[in-house]
Amino acid sequence: LPVPIISALIGAVILLFGRKLFWLFVAAVGFAAGVEVAPHLLSEPSPMLALTLALVLGFVGALFALFLQKIAVGVVGFLVGGRLAIAIVAAFFLNYAHYDVVTFLVGGIIGAILLLALFDWALIFFSSVAGAHLIQSAVQLPATGSVILLVALTVLGVVVQASMMRRGRGALAG
C-alpha cells in the first residue's frame, strides 16, 4: 500500500481511538514524523525507503510510549503542539518561515505542558488533530478545503473520543 493510504488508515484509527490506544497515537506521530523527515534526510527517497523510515520511527514511538509514558507524553505534546503552531501560523501569515523554529518551539512547549497537565482532554484533542492531519495530508485539496477538512475531522474526533470517555466513566460509576 502507498504511504498516503497507510497514513489515512492510521489517521482514522488515531482520530477515533487516540486516547484509548495511546501507544498507537505515539507510534502514529512517529510515523508522521518519518514521512515528513524522510525527504529532508535523503535526497528523493524511494516510497519504500520513506515508508520504512516512517515505520521504524513509529515502532520506536510505540516502544517509547509503552516504557516511558510520561516522557513520551511530553515529547508527543511537544511535537504535535509544534506542528499545530506551524500550521496555524502558516494559515494566517505569509512570511511565517522566518519564525518557524521559534513558532515550533513555543507551540511545542505549550503542547507538552497541556498534554502533561490535562492528559485525557489534551490527548483527545492532540490525537484528533494528528489523526485529522494524517487523513487530510493523504487527500489532495485546495488550501481552503484542506483547512476545512482538518477542522471538521478534528471536531469529529474530539466528539467521538469524548463520548467514549464519558461512557467509560459512566460504566465505572454504575
Side-chain angles (χ1 to χ4, degrees), residues 7-8 10-41 53-54 56-139 143 146-162 164-165:
S7 292
I10 292 171
V13 171
I14 298 306
L15 179 77
L16 300 173
F17 304 104
R19 184 181 150 274
K20 285 193 172 282
L21 301 173
F22 171 70
W23 62 271
L24 183 61
F25 168 50
V26 174
V29 170
F31 179 85
V35 168
E36 290 189 27
V37 167
H40 299 293
L41 294 177
L53 180 61
V56 166
L57 287 176
F59 180 72
V60 168
L63 289 176
F64 195 48
L66 290 172
F67 296 111
L68 304 168
Q69 186 174 6
K70 287 289 185 188
I71 294 171
V73 168
V75 170
V76 167
F78 182 82
L79 292 173
V80 174
R83 182 69 181 106
L84 180 60
I86 293 285
I88 290 169
V89 169
F92 293 106
F93 299 104
L94 294 176
N95 294 328
Y96 74 93
H98 298 296
Y99 307 105
D100 60 345
V101 172
V102 172
T103 302
F104 187 86
L105 289 174
V106 169
I109 291 168
I110 292 169
I113 291 169
L114 277 175
L115 199 55
L116 288 167
L118 306 167
F119 184 74
D120 279 336
W121 284 104
L123 186 56
I124 286 171
F125 176 73
F126 282 134
S127 64
S128 295
V129 169
H133 175 68
L134 284 170
I135 295 168
Q136 172 259 326
S137 65
V139 178
S146 289
V147 171
I148 291 170
L149 180 62
L150 182 74
V151 170
L153 287 172
T154 299
V155 169
L156 173 68
V158 168
V159 168
V160 168
Q161 290 188 60
M164 289 169 49
M165 184 174 71

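Since the structure is predicted, the reported quantities are computational estimates derived from the model, not experimental observations.
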Hey, could you give me the [atom1]/[atom2] distance between [X] and [Y], rounded to the nearest 0.5 Å?
| X | Y | atom1 | atom2 | answer |
| --- | --- | --- | --- | --- |
| L114 | F125 | CG | CZ | 9.0 Å |
| I135 | L149 | CD1 | CG | 7.5 Å |
| L84 | T103 | CG | OG1 | 11.5 Å |
| D120 | M165 | CG | CE | 5.5 Å |

Let me check something: any side-chain donor-acceptor pairs from residues 154-161 under 3.5 Å, sequence neighbours excluded? List them with distances.
unit_1: T154; atom_1: OG1; unit_2: L150; atom_2: O; d: 2.7
unit_1: Q161; atom_1: OE1; unit_2: R19; atom_2: N; d: 2.8
unit_1: Q161; atom_1: OE1; unit_2: S127; atom_2: OG; d: 3.3
unit_1: Q161; atom_1: NE2; unit_2: L15; atom_2: O; d: 2.8
unit_1: Q161; atom_1: NE2; unit_2: S127; atom_2: OG; d: 3.1
unit_1: Q161; atom_1: NE2; unit_2: S128; atom_2: OG; d: 3.4

Item to complete: Quick one: closest heavy-atom pair of A138 and A8, and the distance?
Response: CB-CB, 3.9 Å
Worksheet item: Which heavy-atom pair separates I14 from G131 by the least distance, and what is that distance?
Response: CG2-N, 4.0 Å
According to side-chain contact (heavy atoms from CB on, under 4.5 Å), who are the partners of [X], at least two apart in sequence or on a separate chain?
| X | result |
| --- | --- |
| L79 | V29, V75, F104 |
| I113 | I109 |
| F119 | F22, Q69, V73, L123 |
| V101 | L105 |

Practice prompt. Return each pair, listed once, that meets salt bridge (Lys or Arg N to Asp or Glu O under 4.0 Å) where at least one residue sits in residues 72-90; pairs must be two or more places apart or across chains.
Written response: E36-R83
